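For reference, the structure is listed below as structure tokens.
Just so we're on the same page: letters track the sequence lines, and every chain starts at 1. This structure is a prediction, so every number in the text was calculated from the model and none was measured.
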There are 2 protein chains.
Amino acid sequence: MEDPPPTPATPATPATPAFPGTSAPPAAPAGPAAPAGLTAPAAPTGSAATLHDVAREAGVSIATASRALNGSARNVRAENVARVRAAAAKLDYEPHLSAQAIAKGSTRTVALVVRDVADPYFSTIAAGVTQAATEAGLIVTMAVADGSPERELEIVRTLRGQRPRIIIVTGSRIEGTTTRDALIEELTQYRTAGGRVVLISQRDLPFGTVTIDDRGGSAALARALLARGYRRFAVFHAAPSLRTSRDRHEGFLSGLDGSGAPAPLAFETGFTRDGGHEAARRLVGRGMGDVEAVFAVNDVMAIGAMTAFREAGLIPGRDIGVAGFDDIAPAVDVLPALTSVAVPLREAGLTAMRLALSTDDPTAHHPLPAQVTLRSSTPHRPTP
Amino acid sequence: MEDPPPTPATPATPATPAFPGTSAPPAAPAGPAAPAGLTAPAAPTGSAATLHDVAREAGVSIATASRALNGSARNVRAENVARVRAAAAKLDYEPHLSAQAIAKGSTRTVALVVRDVADPYFSTIAAGVTQAATEAGLIVTMAVADGSPERELEIVRTLRGQRPRIIIVTGSRIEGTTTRDALIEELTQYRTAGGRVVLISQRDLPFGTVTIDDRGGSAALARALLARGYRRFAVFHAAPSLRTSRDRHEGFLSGLDGSGAPAPLAFETGFTRDGGHEAARRLVGRGMGDVEAVFAVNDVMAIGAMTAFREAGLIPGRDIGVAGFDDIAPAVDVLPALTSVAVPLREAGLTAMRLALSTDDPTAHHPLPAQVTLRSSTPHRPTP
DNA sequence: TTGTAGGCGTTATCAT
DNA sequence: ATGATAACGCCTACAA
């Protein structure tokens, strides 16, 4: 079954040519983002129906058509509304969002900047943002910063070209003050131009922020482990410039405070599964000493560490306790099930949107709780 | 440690209006944007710098400014180029993408439709798409169909309003012919209007398509398991309307063909971790019979099943073989490591973009290989 | 209720 | 090389 040949509703509009085919490869896509490998984008237009077409088809003026479809349909004769609607349907008309944006002076898009979409941490947040955006009739555009503060800065800069209503930045690790200041500057500009800014998990910046209680969660975890009889720890953490890692690390230490437990060994490594794996190998290599449990600052690290321990002949949960952070889905399916700290990631995305859409103080901070979830990777230690 | 005193909030700029909560998108903003009433001196209005501002600041015409910044800078005196660039930098000017789009008649966006961003399957594909798009200087907008064909259709329809250069649809499960035909119709319209369409993992539709070799991979897996001595299988699959599930199921059966192995038991369940868990419980509940191994049509199902088996006192890899599909990251960290079929998900996203950007046949099909990866969840069976 | 006209920020076509 | 000026598709006073 083929598509019915579109009725030649527009007989007098030869105008726009069909496909330029292989023609003019648009010159270097200018701008900062250098095109690396791929071929230049193909040529566009074959043109879609415009409001003008609809108006003509319906036998009314453009203004009436506009009103009937979009604006105050109340002031349009019912008959004309029907006419216009029919014409629009017939021509398969969709309003040109860019044109609307430029005419109205505001778009309906929210721009989301993440470090890595493939990471479940961010993709879950993205899911929350997308859901809330859809409910509010907004479009989500996404950009990936890839862990580079410079890239992030550049993204935010070019993002302003979209004139989004909202910019949400998550997972950045601005610590170097140069890019940090530039980022603040950029976002401030954007805000004074009327945009809303919300940061997720990026404390201490003068914007609306959704924070996850990394410190508190880690501290609570430390106390819970103490209560289970653990006293000697190792911590697998990432570079301290990664704020999330540092907060969780410091939180854990603070949770140990006053317990009399010795200072944990610290291993710096990658914020990834392989990082955890590598740190565990290092720990095993230098001798476990009297380490009773490992706290890895996120679950994928913890899971990688468990595998490494097992490869070294140590059984997690028996020979060594292991705990992570995030409570990602696989935590309950690894063996032993992983003790972790649950964070409401999707909720973070929803909350960010809520914050952005609210008319309240645009610099409000909204903390989200983190909840310790004890599992068999850290069983009770037999009291000696 | 609280946030520093926020910068003096914009006094007279109400900015974004409230939103319609659950209601329809066209939220007629009530009040006017700004009290732009009388004499407008150094208007601190919330708008961003325009090309006009830049031109004035640089002391050139708006046309020259445009050329200097964007177009053929070749025909502009070097001095003026510098002037304009300086002005742009000073004013923190970013070209209004919507305005450019409307003037040029084409946008720089690619629209991506996925079933669920939070699912690693789709988020990995999304990562590939985003990467390729960024390299080509394109912006990605994302919409979530949530498993509903109707929603998917509606999304594609409204997506056309963005006038994206490319629409990529992944993970749909159009089987009901009504929505299927409507979807084809909609996408065809879009294509004749000059857009490029690429489908991922959606066979049999007259558009560019990136397919993953579900059937072949499953068949190869079946043969590999036969070679390891397994003969009696159970298959955990999802509703047959979910094409991916059906293909993998059928492929597995075809791989068994001619081996003389008995027909596997089939358990229909959810395409999720919990689905696999549930099916395994059902299998255990009705008695394992002589089932030697389970093939779950994706990894999360397989992993859920392993946990369920363990809960029932069966040790995966010893008492029951388990295999999945996708080879997601945790597959190597569960115990035992999961036999699976590796699928180049990120590559699928990249390939989709490549297909979309190429000038070749817009309906080309590009199959991606799937590779069997044997691990200890399906050890060699001792030959009796 | 309807149409006319002006404007939104850019680009592109003209002359100059 | 540069500057008016007309599009681009839509919205919205302002008139009629």
Using the side chain to side chain contact (heavy atoms under 4.5 Å, CB included) criterion, which residues pair with [X]? Sequence neighbours excluded.
{"X": "A:Ser106", "answer": "A:Arg165"}
{"X": "A:Arg67", "answer": "A:Ala63, A:Thr64, A:Val76"}
{"X": "B:Ala143", "answer": "B:Ile155"}
{"X": "A:Ile102", "answer": "B:Ala99, B:Ile102"}

Worksheet item: Quantified as the angle between the terminal helix axes (five pairs each), what is the overall bend of the helix from C:dT1-D:dA16 to C:dT16-D:dA1 to 10 degrees?
Response: 40°

Item to complete: Would you please confirm or rule out a distance under 4.0 Å between OP1 or OP2 of D:dT2 and any side-chain N or O of B:Thr64?
Response: no

Worksheet item: Looking only at side-chain N and O atoms, does B:Asn80 come under 4.0 Å of OP1 or OP2 in D:dA1?
Response: no

Discussion item. Below 4.0 Å from chain A heavy atoms, what is the first contacting nucleotide of DNA chain C and what is the last?
Written reply: C:dT1 to C:dG9

Item to complete: Assign a letter to each nucleotide of nucleotides 5-16 of chain D from its 5' end: B, base within under 4.0 Å of a protein heavy atom; S, sugar-phosphate only; -, no contact.
Response: ---BBBSBB---

Quick one: salt bridge (Lys or Arg N to Asp or Glu O under 4.0 Å) partners of [X], sequence neighbours excluded?
{"X": "B:Arg85", "value": "none"}
{"X": "A:Arg163", "value": "none"}
{"X": "A:Glu186", "value": "A:Arg157, A:Arg160"}
{"X": "A:Glu150", "value": "none"}

Worksheet entry | Any residue meeting side-chain hydrogen bond (donor to acceptor under 3.5 Å, both in side chains) with B:Asn75, in chain and number order, not counting sequence neighbours | none

Discussion item. Would you say A:Asn70 and A:Gln100 are linked by a side-chain donor-acceptor pair, where the criterion is simply a distance under 3.5 Å?
Written reply: yes

